[in-house]
Amino acid sequence: MALWKSVGNGTLEGISRVADLDAAKLTITLSKTLKPIPPRHTWTFGTIMTDHMVIAEFDPEIGWSSPEIKPRDSLKIDPASSCIQYGTTVFEGMKAYIDPNGKPRLFRPDMNMARFARSAERMALPPFNTDQVLALIKQLIIVDHRWIPQFTDYSLYIRPTLMGTRLGLGVAASDHATLCIFLSPTGPYFPSDESSKVKAKPISVLAESNVVRAWPGGTGGHKVALNYSAGFLPLRTAQKEGYEQILWLLGEERRVTEAGAMNVFVVVGRDDEGVDLFTPPLDGTILPGVTRDSVLDLAHAYMAGETSLPGTLPLIHARERIFTVADLQRWSAEGKLLEAFGAGTAVIIASIGKIGFHDQGELKNIVLPAHENGIGPIADAFRTRILDIQEGKEEWKIWSVPVFEA
Ligand SMILES: *Cc1c(COP(=O)(O)O)cnc(C)c1O
């Protein structure tokens with residue numbers, strides 16, 4: 001058995017010390033031929049890959065191998081590997097943006113790295129130094145920088161992935177692992193008609209009462225591959241009924257948890273002319289999204305008078321709070337349900353226009369107020385503000401991080 005354990009940021013410390021992940025040992029082998037970059041209207045999310053990838057392997061006797069950047073290629077994985085048999089795969093989703101000076105930037109990568117380490121730990125995968133993973137991501141972006149789109153709302157999606165590669169069918173943690181990082185250029189997640197005023201078509205969601213995405217004590221608070229596959233069948237059913245995503249619920253009381261693979265927010269009118277902005281609390285069933293945290297942080301800063309938000313907005317009282325389908329029905333009936341939206345790296349903010357739910361066997365809909373440009377003023381304000389910070393057009397705290405200095 002391996003004699004290692006993780007400390008702090010994932011640095012390895014053990015009785016017999018094994019090698020830590022070390023970006024200084026990186027070797028780079030460039031591809032002899034570079035792919036042509038396809039026209040951006042063909043960039044369906046996550047379908048086009050860049051030229052190179054990062055690979056590093058963990059062996060319990062040796063530790064982390066010297067990381068490599070090499071031409072992107074398929075992996076050779078034994079069918080008895082842990083990730084194939086038991087789903088020991090965890091991942092991250094983040095993006096690189098080009099700032100007005102043409103320099104690549106990342107958005108709050110420290111949050112992604114901390115979450116990546118937590119996900120790996122939850123799957124009992126070997127630890128790694130998160131600072132070194134971030135250094136490798138930056139190197140890969142530099143190598144493949146010609147793929148970072150120069151247009152607003154386009155970016156380079158980054159998918160760090162850690163797979164358990166222990167060979168054997170024994171039901172046990174994987175003490176071997178492969179780290180793979182690859183990149184995919186991406187445009188608006190829900191593309192809209194460029195000729196119209198509509199910025200983004202609102203999505204419809206179907207509240208799912210029979211299948212749960214996450215439960216107390218489960219893995220819902222981690223980005224682990226097996227959280228997603230279990231949602232594909234109900235998603236297919238929802239799509240047959242004409243909805244684009246699932247609104248995930250929890251428990252008899254039908255608590256709202258997430259929308260598809262996004263965190264969910266609702267805007268509810270108050271008696272004092274302000275609005276409440278609610279999102280469910282992080283109780284282990286909710287994925288701690290970077291976008292979710294950014295919306296909450298900006299909302300609190302706005303209320304404290306520390307920052308402004310685009311547009312003319314009411315006072316926004318943001319709070320983490322449990323709410324149910326019955327709450328949505330009641331707020332809607334009272335005319336107080338003003339906006340609903342999903343939040344995540346891929347979309348930033350996706351406006352929700354319709355919420356289907358089953359009521360004693362009958363399918364009913366909560367229809368949200370329509371907006372001329374397809375998105376409500378509050379959702380739009382956060383979307384615009386976050387995108388401006390991501391693209392380095394506006395500075396806020398140290399959220400936007402240059403990939404290299406000067
Ligand atoms: C990744 C993800 C989110 C959004 O997280 P971000 O860090 O904002 O991208 C929300 N819900 C689920 C289930 C996710 O996997």
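In listed order, ligands and their atoms are each counted from 1.
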Is it possible for you to check whether K354 lies under 6.0 Å from the centre of the six-membered ring of Y243, through NZ or CZ, and within 45° of that ring's axis?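 Yes, K354 sits over the ring of Y243.
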Side chain of S400, backbone of G392: donor and acceptor closer than 3.5 Å?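 Checking the backbone N and O of G392 against the side chain of S400, no donor-acceptor pair under 3.5 Å is found.
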Do we see a donor-acceptor contact under 3.5 Å between the side chains of N129 and W64?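 Short answer, no.
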Could you list each N/O atom of ligand 1 together with any protein N/O atom closer than 3.5 Å, one pair per line with the distance?
{"residue": "ligand 1", "atom": "7 (O)", "partner": "R115", "partner atom": "NH1", "Å": "2.8"}
{"residue": "ligand 1", "atom": "7 (O)", "partner": "R115", "partner atom": "NH2", "Å": "3.1"}
{"residue": "ligand 1", "atom": "7 (O)", "partner": "V290", "partner atom": "N", "Å": "2.7"}
{"residue": "ligand 1", "atom": "8 (O)", "partner": "V290", "partner atom": "N", "Å": "3.2"}
{"residue": "ligand 1", "atom": "8 (O)", "partner": "T291", "partner atom": "N", "Å": "2.9"}
{"residue": "ligand 1", "atom": "8 (O)", "partner": "T291", "partner atom": "OG1", "Å": "2.7"}
{"residue": "ligand 1", "atom": "9 (O)", "partner": "T345", "partner atom": "N", "Å": "2.9"}
{"residue": "ligand 1", "atom": "9 (O)", "partner": "T345", "partner atom": "OG1", "Å": "2.6"}
{"residue": "ligand 1", "atom": "11 (N)", "partner": "E258", "partner atom": "OE1", "Å": "2.5"}
{"residue": "ligand 1", "atom": "11 (N)", "partner": "A261", "partner atom": "O", "Å": "3.3"}
{"residue": "ligand 1", "atom": "15 (O)", "partner": "K223", "partner atom": "NZ", "Å": "2.7"}
{"residue": "ligand 1", "atom": "15 (O)", "partner": "Y228", "partner atom": "OH", "Å": "2.3"}

Name the atoms and distances for all side-chain donor-acceptor pairs under 3.5 Å in residues 283-293, with sequence neighbours left out.
{"residue": "D283", "atom": "OD1", "partner": "T285", "partner atom": "N", "Å": "2.9"}
{"residue": "D283", "atom": "OD1", "partner": "T285", "partner atom": "OG1", "Å": "2.7"}
{"residue": "D283", "atom": "OD2", "partner": "R255", "partner atom": "NH2", "Å": "2.7"}
{"residue": "T291", "atom": "OG1", "partner": "T345", "partner atom": "N", "Å": "3.2"}
{"residue": "R292", "atom": "NH2", "partner": "P280", "partner atom": "O", "Å": "2.9"}
{"residue": "R292", "atom": "NH2", "partner": "E320", "partner atom": "OE1", "Å": "2.6"}
{"residue": "D293", "atom": "OD2", "partner": "R108", "partner atom": "NH1", "Å": "3.0"}
{"residue": "D293", "atom": "OD2", "partner": "R108", "partner atom": "NH2", "Å": "2.9"}

Over 60° means perpendicular and under 30° means parallel, so classify the ring planes of F382 and F341, tilted if in between.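 Aromatic pair F341/F382 classed tilted.
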Give the ring-plane orientation class for F323 versus W331, where under 30° counts as parallel, over 60° as perpendicular and anything between as tilted.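 Judged by the thresholds at 30° and 60°, the geometry between F323 and W331 is tilted.
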